[in-house]
Amino acid sequence: MKRDLERLVAQLTLAEKAALCTGANAWQTVAVERLGIPAITVSDGPHGVRRVVDLESNESLPATCFPTASALAASWDVELLQQLGHALAEECLALDVDILLGPGNNMKRSPLCGRNFEYFSEDPFLGGELAASYIQAMQSRGVGTSLKHYAANNQEFQRLVIDAQVDERALREIYLAGFERAVKQAQPWTVMCAYNRVNGDYCSEHARLLNSILKEEWGFEGFVVSDWGAVHDRVAALAGGLDLEMPGPHPERGQSVIAAVQAGELAEQVLDETVKRLLRVIFKAVETPKDAEGFNVEAHHQLARKIAGESLVLLKNEGGLLPLKAGQKLALIGNAAREAHFQGSGSSHIHPTRVASPFEEVATLAGEAELLFAPGYRMEPGRDQDLIDTAVSCAQEAEVALLYIALPSYIESEGYDRPNMRLTAQQEALIQAVAAVQPQTVVILNNGSAIEMLEWIDQVPAVLEAWFMGQAGGGAIADVLFGRVNPSGKLAETFPLRLADTPAYLTFPGENGMVRYGEGLFIGYRYYDARQQEVLFPFGHGLSYTTFAYSQLRVSAEKFSATEGLQVSVDVTNTGNVAGKEVVQLYVHDQESHLVRPEKELKGFAKVALAPGETKTVTLELDARAFAYYDPAYGQWVTESGAFDILVGRSATEICLQATVQLESTQELPCILTRESTIREWLADPRGERVLQPLLQQVIAQHSADTGALDAEFMRFAEDMPLKPVLDWFGKKLPGVPEQIIAELLAQLER
Ligand code: BGC
């Protein structure tokens, strides 16, 4: 129904408008009954619906717990995310939820961030594409989303106060890029601002992030909601672009807004704009009836199993240990074999409709084969040699040991970061002890982010990364172990060799309330590429029970303009004996650029299913942004003419095919030369070069005549100096004083 929001806003009193800007309670907005403005309900999120029904105990209704974001991202499958989005929307409708608080799309700056399990990737393109798919799918069913936590919320340490000091390029190309992609492609109904500060200002009051970039530049049409308790000064937050403060009630907030408007400190128009944004979403939300009679619990459990199956990453599989062979006697070792560790702790914690037991699921698929069990460790601190000894005996009696290792919640959770990248000492000792007696050992991991494995990886032939795999993950693990599902997950984050290798090692998590993102835009594989540093498992890595061959890389043009974009096609063949899925990854390398760029960046991907012997052509589109970088000097994205390599492969370190193309940019950049610009900067701008070159030649000739110095030597010395000192030192014989000469050059630029 079309409503006249202007009119409605005009009918609201100042007090009503102020009240609308803060929640009525933990999960609902304020209603204004006299004008027919209803309250809407929001709920966590992101990988299930946490519909809280008891505000005291936080008890929530049962809902399907799907795999968390790091698992979802490892599927590299936008269509799968769509299916997830549809299912989540159905559950929201059944549980009377208008907006689900997800997806989370913060970048994985360090593997230590306790909340990495709720985030997709270290790569903004991958994260952005997946987030957009999730958002589009949910919203296509009339349920809203909340893209979070905007922005640079990359750690839990001091998350409520920490000031993330991020340079403009890293911000634009890494930390904002995933949000930008999702906002522009999918228009989430809401964006949730982060708790932390960015470059000095709280995100909840960050006019540049919220107003200038999100709303004005990217065209975000929804409303900005605060993270729960992220607002410090309600009036400053309103002025900064924060529309809805959560949770409520906070009558004093309304009072402060009223007072600020009455005192002329806050323009009423700002409040009106906020209320309009809120009402637009509120009325859209209530258009979708929430009268669904439950949801299909069984079908969603099966979907959760399927999604988990697509997300598991087979990291290592020496000697073809997996899939398991029929009739093998198996030792299932590890607490997580009996008690699935399938989701992370904190606000995203879902009350599952049911939980698949990894042990029972193996039992179902193992048929007659004998199964043994030993717990191996507890999910609490401490060492227990007896548990290890029992596990060793158990492993000795079997043909294959399946070690289910879950990183306990006291190590990994929302609210705190991991102290290191390792498993617990008990778990490492367990793996070593079991592997010492049982060469056929498979390690199955449940955790949210990269693990350091140096202490044990060489001793075990097979490792399966099962993430926080959701309530049906126990079944998905069994599917992969027995080859019912051919693993096709690929890492959406690098697994480095050791913590000291990681990009943020020297600065994470900061001190005295501040964290400096010293590595700039070099996070994840961008960093390991630049340092030419070996990693344990690269970004994009994941094994299959079949093999794939790449051939026939084709580009739509050798030379192309940024507006045309480029089409890249490649043939992929399943060269093995079983059906499987491959993730084709396309990276772009800029051969030469004005600013430093990563060695390569992911700009396209597709997941393709292939029967044995089958070949399919995968076509990927690259637009101007795929070749661009953000230049803070111009305050905009820049596409430079020149040669780019198109790299297609199965991971960031296994490039199978490559081609070189020429981009012809027609972009006109503004002239930004000033008195302070260096000679190099003058010469880099065609307009600058035109006006400076004659003068420069004069200076060089004079200097060479006076001193006998080589032109090249002079240029090396002078090119990174501003004009003024160059003229002061070497231009004494020129007519006119340096200030005048420079003023004249600058004036010529205008002509
Ligand atoms: C979390 C958000 C969550 C909110 C509501 C906050 O502490 O950071 O992700 O949506 O609580 O539970």
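The figures that follow rest on heavy atoms only: side chains count, while hydrogens, waters and symmetry mates do not. Just so you know, ligand 1 is whichever comes first in the structure, and atom 1 is the first atom listed for that ligand.
- Taking the six-membered ring where tryptophan is involved, the planes of Y202 and H232 are essentially parallel, since the angle between them stays under 30° and well short of 60°.
- The main-chain N or O of L602 is found under 3.5 Å from a side-chain atom of Y525 such that the two form a donor-acceptor pair.
- For a threshold of 3.5 Å applied to N or O pairs, the pair formed by E118 and ligand 1 contains no separation below that value.
- Atoms of ligand 1 found under 4.0 Å from any heavy atom of R159 (numbered from 1 in listed order, with element): 7 (O), 8 (O).
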Trace of the ring pair (Phe, Tyr, Trp, His ring centres under 6.0 Å) decision for Y195 with H149: CA-CA 8 Å; Y195 283 124; H149 309 90; 7.4 Å; no

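- Proximity to L101 (heavy-atom distance under 4.0 Å) selects the following atoms of ligand 1: 10 (O).
- Heavy atoms of R115 found under 4.0 angstrom from ligand 1 belong exclusively to the side chain.
- Here is the list of ligand 1 atoms found below 4.0 Å of a heavy atom in K148: 2 (C), 3 (C), 9 (O), 10 (O).
- Every N/O-N/O distance between W27 and ligand 1 stays at or above 3.5 Å.
- Under 4.0 Å from ligand 1, the heavy atoms of R50 that appear belong solely to its side chain.
- Taking the side chain as every heavy atom from C-beta outward, L81 and F120 approach each other to under 4.5 Å.
- Salt bridge present: D272 and K17 bring a charged side-chain N and a carboxylate O closer than 4.0 Å.
- A distance of 15.0 Å separates OH of Y134 from CD of Q83, quoted to the nearest 0.5 Å.
- The contact set between ligand 1 and M192, taken as ligand atoms under 4.0 Å from a residue heavy atom, comprises 10 (O).
- Considering only non-hydrogen atoms, atom 6 (C) of ligand 1 lies nearest to D227 out of D227, V225, N58.
- Between H47 and F66, the distance from one ring center to the other does not fall under 6.0 angstrom.
- Ligand 1 lies nowhere less than 4.0 angstrom from a heavy atom belonging to M246.
- Looking from atom 10 (O) of ligand 1 to the surrounding protein, the closest heavy atom is D44 OD1, 2.6 Å.
- Scanning the protein for heavy atoms near atom 7 (O) of ligand 1, the closest one is Y195 OH, 2.8 Å.
- A salt bridge links D123 to R526: at least one charged side-chain nitrogen sits closer than 4.0 Å to a carboxylate oxygen.
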